Amino acid sequence: MISDNLVSIRREIGEASRRFSRCSGDVQLLAVSKTRPIVDILTAVEYGQYRFGESYLQESIEKIRALEAYSLEWHFIGSLQSNKTRLIARHFDWVQSLDRLRYAEHLSRQRPASLSPLNVCIQVNISEEPQKAGVCLNELPSLVNEVLELPRLRLRGLMTLPARCSDFVDQCRAFHKLYLVYKELQDSGIVLDTLSMGMTNDMVAAIAEGATLVRVGTGIFGKRLSN
Ligand SMILES: *Cc1c(COP(=O)(O)O)cnc(C)c1O
């Protein structure tokens with residue numbers, strides 16, 4: 001089942017890319033494996049998936065350690081806390097949920113010298129929901145500049161998780177807003193290559209609006225197990 005799902009998600013990414021004139025290979029797939037057992041991840045690996053996203057620190061460290069031999073790429077996409085940054089800096093390749101200078105400083109300081117700089121995306125609260133993680137647009141430029149100064153972080157781009165909605169046009173509107181901000185940063189001379197937006201239910205809209213990385217969980221692994 002996971003293998004069939006992977007095939008159809010890849011096909012959908014390909015179709016959406018053609019339909020919205022994206023170059024082939026422009027949109028990468030992050031398999032969101034939070035709450036999933038290691039066997040499920042291994043099935044996805046067998047079918048060519050090597051990029052995985054995790055949200056819950058404890059279970060993710062167990063998975064990363066158990067799967068070390070496969071040289072997978074691990075993205076932390078969950079909420080950050082001061083007491084989590086050390087393990088994240090040691091075990092992950094990417095952090096997509098960076099939204100505070102304090103955590104950025106911790107991650108940079110705690111990134112082991114033996115590893116390459118930690119790739120980061122700044123999470124933007126594009127729908128400006130009060131409870132949601134992510135910086136608001138007016139706070140973004142200063143955080144971008146501060147992160148660029150940190151020696152052990154490599155700023156790759158922006159990530160968002162917009163307010164849930166099922167209407168395609170509304171989905172596009174939110175993603176387009178982030179695309180414009182991303183473009184503006186690039187035009188100001190900052191080198192960025194990652195616009196992480198779109199999940200199982202709004203992946204096509206995200207691809208239409210310029211996503212370079214979609215984060216798909218249920219579409220690959222089925223209904224989420226409780227955590
Ligand atoms: C869980 C999660 C996803 C995957 O969502 P699905 O709807 O299962 O595809 C993507 N991004 C983030 C940040 C998540 O927490």
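Indexing begins at 1, ligand by ligand and atom by atom, following the structure's order. Along the sequence shown, residues carry numbers from 1. Because the structure is a prediction, the values reported are computed rather than measured.
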**Report entry** R100 side, atom CZ; T85 side, atom OG1 - distance, nearest 0.5 Å
**Finding:** 12.0 Å
Requested in this report: Could you tell me whether K63 and E59 have a side-chain N and a carboxylate O separated by less than 4.0 Å?
Outcome: yes
Report summary line: Closest heavy-atom approach to atom 3 (C) of ligand 1 among M199, M197, H75, E54 is made by M199
Query raised in the report: Considering only heavy atoms of G217, which atoms of ligand 1 have at least one such atom less than 4.0 Å away?
Result: 4 (C), 6 (P), 8 (O), 9 (O)
Requested in this report: Run down the list T35, N201, T200 and name the one with the heavy atom closest to atom 9 (O) of ligand 1.
Outcome: T200
Requested in this report: Would you check if the side chain of Q171 reaches a backbone N or O of C165 as a donor-acceptor pair within less than 3.5 Å?
Outcome: yes
Query raised in the report: What atoms of ligand 1 come closer than 4.0 angstrom to any heavy atom of L161?
Result: 12 (C), 13 (C)
Query raised in the report: Under 3.5 Å, is there a donor-acceptor pair linking the side chains of Q28 and T212?
Result: no
Query raised in the report: Under a 4.5 Å cut-off applied to non-hydrogen side-chain atoms, are S17 and I207 in contact?
Result: yes
Query raised in the report: Does R109 CZ have over 12 foreign heavy atoms under 6.0 Å away?
Result: yes
Query raised in the report: Can you find an N/O atom of M159 closer than 3.5 Å to an N/O atom of ligand 1?
Result: no
**Report entry** Atom indices of ligand 1 within 4.0 angstrom of R215 heavy atoms, with elements
**Finding:** 4 (C), 9 (O), 10 (C), 11 (N), 12 (C), 13 (C)
Query raised in the report: Quick one: does ligand 1 sit under 4.0 Å from the side chain of Q96, the backbone, both or neither, non-hydrogen atoms only?
Result: neither
Requested in this report: Determine the sole option in Y103, F92, W94 for which the ring-ring contact (aromatic ring centres under 6.0 Å, His included) test with F76 is passed.
Outcome: F92
Query raised in the report: Looking at T218, which atoms of ligand 1 are within less than 4.0 Å of one of its heavy atoms?
Result: 6 (P), 7 (O), 8 (O), 9 (O)
Requested in this report: Looking only at distances, please establish whether an N/O atom of ligand 1 is found under 3.5 Å from an N/O atom of R164.
Outcome: no
**Report entry** Protein heavy-atom partner closest to atom 14 (C) of ligand 1 - residue, atom, separation in Å
**Finding:** K34 NZ, 3.0 Å
Report task. Give a yes/no on ligand 1: does V216 have at least one heavy atom closer than 4.0 angstrom to it? Result -> yes
Requested in this report: Look at the side chain of R36 and the backbone N and O of G222, then say whether any donor-acceptor pair between them is shorter than 3.5 Å.
Outcome: yes
